[in-house]
Amino acid sequence: MTRALQLLFFVFVRVVVTFVLGLNVRRRELLPEDGPAILVANHNSHLDTLVMMSLLPLSKLSSLRPVAAADYFLKTRAMAWFSLNILRIIAIDRSRATRREDPLAACHEALNKGEILILFPEGSRGAPEEMTALKKGIAHLAEKNPQVPVIPVFTHGLGKSLPKGSFLLVPFFCDIFVGEPIAWPGSRDAFMTTLGARFAALSTEKDFAPWE
Amino acid sequence: MTLLPIHIAIAGIWGILILASLIVFTLTRLQPTADHSELVQRTTSWWAMIAVFTAAFLLSRTFSIVIFALVSFLAFKEYLSMIPTRRADRRVLFFAYLAIPVQYYWVSSEWYGMFAVFIPVYMFLFLPFVMLLSQQTEGFLKAVGTLNWGLMLCVFSISHAAFLLVLPVDGPGSVGGTAASGAGLLLFLVFLTQFNDVAQYTWGKLFGRHKIVPQVSPKKTWEGFLGGMLTTTVLAVLVAPLVTPFDALHAGIAGAMIAGAGFIGDVTVSAVKRDLGVKDTGALIPGHGGIMDRIDSLTFTAPLFFHFTRYLYT
């Protein structure tokens, strides 16, 4: 039943993403055909997760798992139900005090099952269309799963359409740049440097219209 | 279903498309090493575009109007995605988008008076008012100017093509009043505008020497422009009896006007792209670029052809 609801919801999402927004995807062929894989993207808007999930065919929906903060996405009962059953997030506990085991355990398990994780290493949406420092959790995840390809995806325009703190969706075409998969370089620092460099390169591929 | 002249005209367009596809196919066979991918993509996209318009023409008038509203929406979205905008104006842009369904509602309700003034008067006055509510004056004039210009180009201009569908035309050759003749005029306008683009391009490729506005659009030549204008005018005179109430003289004038205005619309959008430093307005139509790249000529031909027809035949 929830699977059917999920499918229905994402068919609706795809219609909105295609007609109201409109995506211009560069190098779609670099997206993984099967898991395990990790997609990492910059974070500007609540639309990010939905758009990232729309990039892969509907048949892959059941193996897509966005990784999201428990304190935000499980805040209310309704939101928790939606996050866990429709988005099917892997909830991460961000508060250090209550952490006993590896906070990424559920992510490792999902990768072992061959699922595709979607991560936003900036952690928060922040100011729209501006990238902030990347958090290191992704490096820990990549270190534990060195064979899993990490694919950087840079999006532009979603923060213009629906920035943090707004409920008014304003249509804009959105640019999506898929990067080459990153192989595990041997150390967490090297991984973070590579990831940062990839995002820097992807984000300067096109001159975006100023938005101030 | 009775076979109307407009059906013959649509069949003729498909004939041209099939012929063009055969030529492209032969070309790829004769020169297997050369890169024809853009030409092939362009032709494939023409199939999709002509299929949508044929379906719209045959299904219903309302469906055709909805298709034009959608074209306006896509073009306006492309325009707003391409130009510099201000964060503070998100709500203003939202209202500007809402003008699209309203404008096309005036079309479908055949209210010419409101159709003609809604965007140039009411939206023109309303948008700066909403914009000043955010009290951000820096860049105000540029923001309101570019927004109104985009609305005029993508929505107001293009909606004139759709209004042809409901224009009560009379005169010799009109097919019993409104519906059929309106569709015929729209077909005449869209077909000749698009045909003229291709004709000017082809003449320019074959004989192009003398550039017209090299700083704006380096590939536009006098040879292409005049050759295209001649072809389009001749074609206009030939097809007018089939789908319009025009006599030969009026058909010739309409054809030449479409060729001239189409050229100006094309280079105007080129100037905008050059100013913004982009090559294409988008990537919606493979081989063509964005939707604005495809309808740039129509933004100028539609209102001019509409008023030409309205003045002489209603």
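First the proteins, then the strands, lettered A, B, ... as listed; each starts at 1.
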Distance-minimising heavy-atom pair for A:Val170 and B:Phe94:
CG2-CB, 4.2 Å

Does any heavy atom of chain B fall under 4.5 Å from the side chain of A:Asp207, the backbone, both, or neither of them?
neither

Please say whether more than 12 non-hydrogen atoms of neighbouring residues, nucleotides or ligands are located less than 6.0 Å from CZ in B:Phe140.
yes

NZ/B:Lys211: more than 12 non-hydrogen atoms of other groups inside 6.0 Å
no

How close do A:Ala209 and B:Pro84 get, counting heavy atoms only, and between which atoms?
CB-N, 4.2 Å

Select one option (side chain, backbone, both, neither) describing which atoms of B:Ile83 are under 4.5 Å from chain A's heavy atoms.
backbone

Turns out that what part of B:Phe76 lies under 4.5 Å from chain A's heavy atoms comes down to neither

Under 4.5 Å to a heavy atom of chain B? For A:Lys160 that would be both

Spacing of CD belonging to A:Glu212 relative to CZ belonging to B:Arg87, to within rounding of 0.5 Å:
8.0 Å

Hey, could you give me the CD/CZ distance between B:Glu78 and A:Phe173, rounded to the nearest 0.5 Å?
5.0 Å

Highest number of heavy-atom pairs under 4.5 Å with chain B: which of A:Gly22, A:Pro163, A:Cys174?
A:Pro163

State, to 0.1 Å, how close A:Val20 and B:Phe73 come at their nearest heavy-atom pair, and which atoms those are.
O-CZ, 3.8 Å

Turns out that what part of A:Ser166 lies under 4.5 Å from chain B's heavy atoms comes down to side chain

Engaged part of A:Phe19 at the chain B interface, taking heavy atoms whose separation is under 4.5 Å
backbone

Please check this pair: side chain of B:Arg90 against backbone of A:Ser161, looking for a donor-acceptor N/O pair closer than 3.5 Å.
yes

Tightest non-hydrogen contact, residues A:Phe172 and B:Leu93, listed as CZ-CD1, 3.6 Å

